[in-house]
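Step one of this worksheet: look at the structure below.
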Amino acid sequence: MVKAKVWVLRKHFDGFPKESDFEMKEETLPEVKDGEVLLEAVFLSLDPYIRAMSQLLMKEGDVLFGGQVAKVLQSKNPAFPVGCYVTAPCGWRTHTVTNGKAKFSQDMAQVLPDWPKEIPLSLAVGALGMPGLTALYGLEEVMQVKPGEIVLVSAAAGAVGTMVGQICKIKGCKVVGSAGSDDKVAYLKELGFDHAFNYKTIPSLDEALKKASPEGYDCYFENVGGPFFTAALNQMRHGGRIAVCGAISLYNATTPQTCPYPHMTIITRCLRMEGFQANQWPDKDKASIRRLVTWMKQGKLKAKEKITEGFEHTPAAFIRMLKGTDLGKAVVKV
């Protein structure tokens, strides 16, 4: 019998998560049944949506959810032979017996068999995985961006935001990004953002948005919520589109947050706003990942990672990711 180490939610988060909210346990896994596989985790993906959806998807004592890159150790599913690597929605676990079906995120999928040796496998849960697909689908499926359009992205130095900006440049758009430190702003400019600013140090958010694009914005890739959303909405051009991907400024709030009613702005400017998740277009995932891989091989996409070594450090790495001080996609190397 295989034993797994798991991190469970000891106590629901009250505001910002604390290490005491988590507890590591050991469990014995069942035998592999028809249609199932036994996985050994290689990399765990740490993402803000875990905090956002924890109250909705978890009860105290549940294993933390999330994606991982894992190796198939045993298989009774011909789609996933022994020795192959997969991305799987198995959460914070070292080993898992699963049929690969997800309740919230993407189902288990085999990593491209011809994954380039020069590209780190950890990017399968980063720029070339869920965050990359989120950026791509938000731009193509939700906002349907066109060459020459002006795109604004908040939390632009995050795992999704950096991909949004780079894909915008591939598509011939002007892109403006906001971030929370001067180092992050410098990185956005390295990636090719036409304009980037530190929202923490500017005297006026409205003026910063106007200065970056006096003609306004055709598309807004929304990641933060809060006052930034209201300011961005007021800068949208007629017929503008807003892809609502996240609201990280709200995730740790202990009281409901409100904003000015946006109805008249939306009506008079004929704006379209749509929330979405990356798992809405599963039939496109394989081809989309191949496109992302090709762009990276061509040097059109770059990605930074913040890799934490050791399964035992997962909660600390998660908390650090939510603080937003690190640059790069948060990953735990198991």
Side-chain angles (χ1 to χ4, degrees), residues 1-9 22-47 49-50 53-54 56-117 119-126 128-134 137 277-290 292-293 311-312 314 331-334:
M1 301 291 279
V2 176
K3 292 188 179 295
K5 292 180 180 178
V6 303
W7 279 105
V8 303
L9 182 67
F22 307 90
E23 183 179 2
M24 188 162 67
K25 294 186 174 183
E26 186 175 87
E27 61 180 39
T28 300
L29 299 181
E31 295 292 334
V32 177
K33 299 176 183 176
D34 288 344
E36 295 181 337
V37 295
L38 169 63
L39 303 178
E40 181 178 62
V42 182
F43 297 103
L44 303 184
S45 178
L46 303 180
D47 302 283
Y49 80 87
I50 298 173
M53 305 300 292
S54 60
L56 178 64
L57 298 181
M58 301 184 66
K59 61 181 183 296
E60 291 178 356
D62 285 350
V63 176
L64 272 293
F65 60 90
Q68 59 175 241
V69 177
K71 186 175 183 179
V72 177
L73 299 184
Q74 297 178 30
S75 177
K76 291 188 177 180
N77 186 330
F80 304 103
V82 171
C84 76
Y85 289 91
V86 298
T87 54
C90 296
W92 296 11
R93 317 171 55 91
T94 59
H95 297 79
T96 311
V97 171
T98 179
N99 62 8
K101 297 298 180 183
K103 293 180 180 179
F104 173 73
S105 58
Q106 291 155 308
D107 288 346
M108 183 167 64
Q110 189 171 345
V111 173
L112 297 179
D114 55 349
W115 186 270
K117 292 182 179 180
I119 295 179
L121 190 59
S122 52
L123 291 183
V125 287
L128 307 180
M130 183 275 291
L133 292 175
T134 301
Y137 294 152
Q277 298 170 10
N279 61 358
Q280 290 176 238
W281 301 273
D283 293 343
K284 298 188 176 186
D285 284 355
K286 189 172 183 180
S288 296
I289 290 172
R290 286 199 177 277
L292 295 173
V293 169
F311 183 74
E312 67 275 16
T314 303
V331 176
V332 172
K333 184 176 180 181
V334 178

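Sequence positions, counted from 1, serve as the residue numbers for this chain.
- The structure places NZ of Lys71 at 12.0 Å from CG of Leu39, a figure rounded to the nearest 0.5 Å.
- Remark: Tyr137 pairs with Trp281 by the ring pair (Phe, Tyr, Trp, His ring centres under 6.0 Å) rule, at least two apart or across chains.
- By the 4.0 Å N-to-carboxylate-O rule, Glu27 lies close enough to Arg93 to be salt-bridged with it.
- In this structure, the side chains of Thr94 and Lys3 stay at 4.5 Å or more apart for every pair of heavy atoms.
- Listed here is the closest heavy atom pair of Leu133 and Leu292: N-CD1, 4.1 Å.
- Judged by distance alone, the side chain of Asp107 and the main-chain N or O of Lys101 form no donor-acceptor pair under 3.5 Å.
- Nearest heavy atoms, Ser75 versus Asn77: OG-O, 2.9 Å.
- With contacts defined as side-chain heavy-atom distances shorter than 4.5 Å, the pair Pro89/Gln106 does not qualify.
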For this session: Determine, step by step, whether Thr96 and Leu29 satisfy the side chain to side chain contact (heavy atoms under 4.5 Å, CB included) criterion, reporting the C-alpha distance in whole Å, the side-chain angles of both residues, the deciding distance to 0.1 Å, and the verdict.
Result: CA-CA 7 Å; Thr96 311; Leu29 299 181; 5.6 Å; no
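- The line from CG of Leu57 to OH of Tyr49 is 9.0 Å long, rounded to the nearest 0.5 Å.
- Closest of all the heavy-atom pairs between Met1 and Glu31 is SD-OE2, 3.1 Å.
- The shortest non-hydrogen separation linking Pro131 to Asp47 is CG-OD1, 4.3 Å.
- Listed for the Lys76 side chain is a donor-acceptor partner under 3.5 Å among the backbone atoms of Val32.
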Exercise. Does the pair Met130 and Thr87 meet the rule for a side chain to side chain contact (heavy atoms under 4.5 Å, CB included), with working shown?
Worked result: CA-CA 9 Å; Met130 183 275 291; Thr87 54; over 6 Å; no
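- Residues Asp62 and Val8 are not in side-chain contact: their nearest non-hydrogen atoms beyond the backbone lie 4.5 Å or more apart.
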Exercise. Could you go step by step and tell me if Lys5 and Val334 meet the side chain to side chain contact (heavy atoms under 4.5 Å, CB included) rule?
Worked result: CA-CA 11 Å; Lys5 292 180 180 178; Val334 178; over 6 Å; no
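- The distance from atom OG1 of Thr134 to atom CD of Gln280, rounded to the nearest 0.5 Å, is 10.0 Å.
- Heavy-atom minimum distance, Gly66 versus Ile50: CA-CD1, 4.4 Å.
- Of all heavy-atom pairs between Val125 and Ser45, the closest is O-OG, 3.5 Å.
- With Leu38 as the partner, the side-chain contact (heavy atoms from CB on, under 4.5 Å) test is satisfied by one option alone out of Val72, Thr98, Val82, Val2: Val2.
- Rounded to the nearest 0.5 angstrom, Glu60 CD and Glu23 CD are separated by 11.5 Å.
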For this session: Could you walk me through whether Gln68 and Val332 pass side chain to side chain contact (heavy atoms under 4.5 Å, CB included), step by step?
Result: CA-CA 9 Å; Gln68 59 175 241; Val332 172; over 6 Å; no
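- A donor-acceptor distance shorter than 3.5 angstrom exists from the side chain of Trp7 to the backbone of Phe311, with no hydrogens or angles considered.
- Aromatic pair Trp92/Phe22: centroids less than 6.0 angstrom apart.
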